[in-house]
Amino acid sequence: MPLISTKEMFKKAYGKYAIGAFNVNNMEILQGVIEAAKEEKAPLILQISKGARNYAKLVYLMKLVEAAMQDAPDIPICVHLDHGDSFELCKEVIDAGFTSVMIDGSHLPFEENIAITKKVVDYAHPRGVVVEGELGKLKGIEEHVVSEEAVYTDPDEAVEFVERTGVDSLAIAIGTSHGAYKFKGEPRLDFERLEQIAKKLPGFPLVLHGASSVLTDLVEKANKYGAKLGGAKGVPEEMIRKATMMGICKVNIDTDLRLAMTATLREQFALHPEEFDPRKYLGPARDAIKEVVKHKLRNVLGCSGKAEEILASIKI
Ligand code: G3H
Ligand code: 13P
Ligand code: ZN
């Protein structure tokens, strides 16, 4: 089936389950994610960042996505630009066939964020492409913009932002951050704020970035074989589940895939130092990604088995 936007996915998911948005940078990552979705019969968002595009070239990534669609004809798949930082980049990927883009103006003043987001919406919507905006700042690095302090999303501003831009979904800041070091002390998310935002924007799809759980067994395995990931901490899975019930429809996961791949590669190199056929270590790394994604789809996002109801709601 052709690529789809997130419209029907979010309509079905709202308040019940979430769609996993997994970052894709190469064939092994994509195959791990796709195999997991096939086995779980789950809908998917494949997201490609500017960094992924620079690393692998857009044309290669689009051909891989095309192959994934053929390999998984019964899985509804959306291809999404993660953290688009300019109108030109959003336009380029829309013209290349993406069905969803994020324009991340979260580091800009409110009015400038509205202006650039609206410009992308005005280009995307007539072409059947949906747009994710972001309001509030996550702590850490977002596409090379470093934010020392988080600025949580203001619920009233969120309403104004959505009304004035026409965005289809909104990424909010409630305490998550990108990468493997999300909390110094106890993990804490501002669920009251999420509740207020969802109340003021009833039924409107909200997005959680920085939603990796930094799974302990992966960190321990990586460290056992030489990594230095002391103090790594992610968002507890029960918090993701709770957020999903409260209006978060899209959950962004990249770090957990990186950890699965890195831990497995380190283990393979340590256990089989005589091996030099890349397939012998990339294969297990791909399997590790598949297992992590299966776990997320089934036990965290609750979207296993939901491919069919989404397909049924789409008239192609
Ligand atoms: O939000 C960041 C994602 O993990 C993508 O990371 O920009 O290094 O590809 P990247
Ligand atoms: P993690 O670093 O928690 O995986 O978040 C990824 C993300 O938000 C991509 O946009
Ligand atoms: Zn992000």
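Start at 1 and go down the list; that is how both ligands and their atoms are numbered.
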message: Looking at D71 and K38, is there a salt bridge between them, counting it only when a charged N and a carboxylate O are closer than 4.0 Å?
response: yes
- prompt: Under 6.0 Å from the six-membered ring centre of F191 and within 45° of its axis: does the NZ or CZ of K242 meet both?
  reply: yes
query: Does ligand 1 have a heavy atom under 4.0 Å from the side chain of H83, from its backbone, from both, or from neither?
result: side chain
statement: For NE2 in H83 and NE2 in H178, the angle at the Zn ion (ligand 3) (nearest 10°) is 100°
message: Quick test of your reading of the model: are R164 and E111 salt-bridged, counting only N-O distances below 4.0 Å?
response: yes
- prompt: Going hydrophobic residue to hydrophobic residue with side-chain gaps under 4.5 angstrom, can you get from L257 over to I34?
  reply: yes
- prompt: Between E92 and R53, is the closest basic N to carboxylate O distance under 4.0 Å?
  reply: yes
Neighbour list for ligand 2 [protein residues, heavy atom under 4.0 Å]: N23, Q47, D82, H83, H178, G179, K182, H209, G210, A211, S212, N252, I253, D254, T255
query: With distance as the sole criterion, is a donor-acceptor pair present between the side chains of E132 and H209 under 3.5 Å?
result: yes
query: Is the Lys NZ or Arg CZ of K119 less than 6.0 Å from the centre of F87's six-membered ring, within 45° of the axis?
result: yes
Mode of N23 contact toward ligand 1 - side chain, backbone, both, neither (heavy atoms, under 4.0 Å): side chain
- request: With heavy atoms under 4.0 Å as the rule, classify the contact between D82 and ligand 1 as side chain, backbone, both or neither.
  value: side chain
message: Show me which atoms of ligand 1 lie under 4.0 Å from any heavy atom of D254.
response: 3 (C), 4 (O), 5 (C), 6 (O)
message: Considering both backbone and side-chain atoms of H178, is one of its nitrogen or oxygen atoms within less than 3.5 Å of a nitrogen or oxygen in ligand 1?
response: yes
query: Between the candidates A21, S49, A52, G179, which shows the shortest non-hydrogen contact distance to atom 9 (O) of ligand 1?
result: S49
- prompt: Is there a heavy atom in R258 that sits closer than 4.0 Å to ligand 1?
  reply: yes
task: Determine, for K294 against E35, whether the closest basic-nitrogen to carboxylate-oxygen distance falls under 4.0 angstrom.
output: no
query: Do K221 and N223 have a side chain donor and acceptor closer than 3.5 Å?
result: no
message: Can you see whether H125 engages D168 through a side-chain donor-acceptor pair at a distance of less than 3.5 angstrom?
response: yes
message: For N/O/S atoms only: which one belongs to H209 and is nearest the Zn ion (ligand 3)?
response: ND1
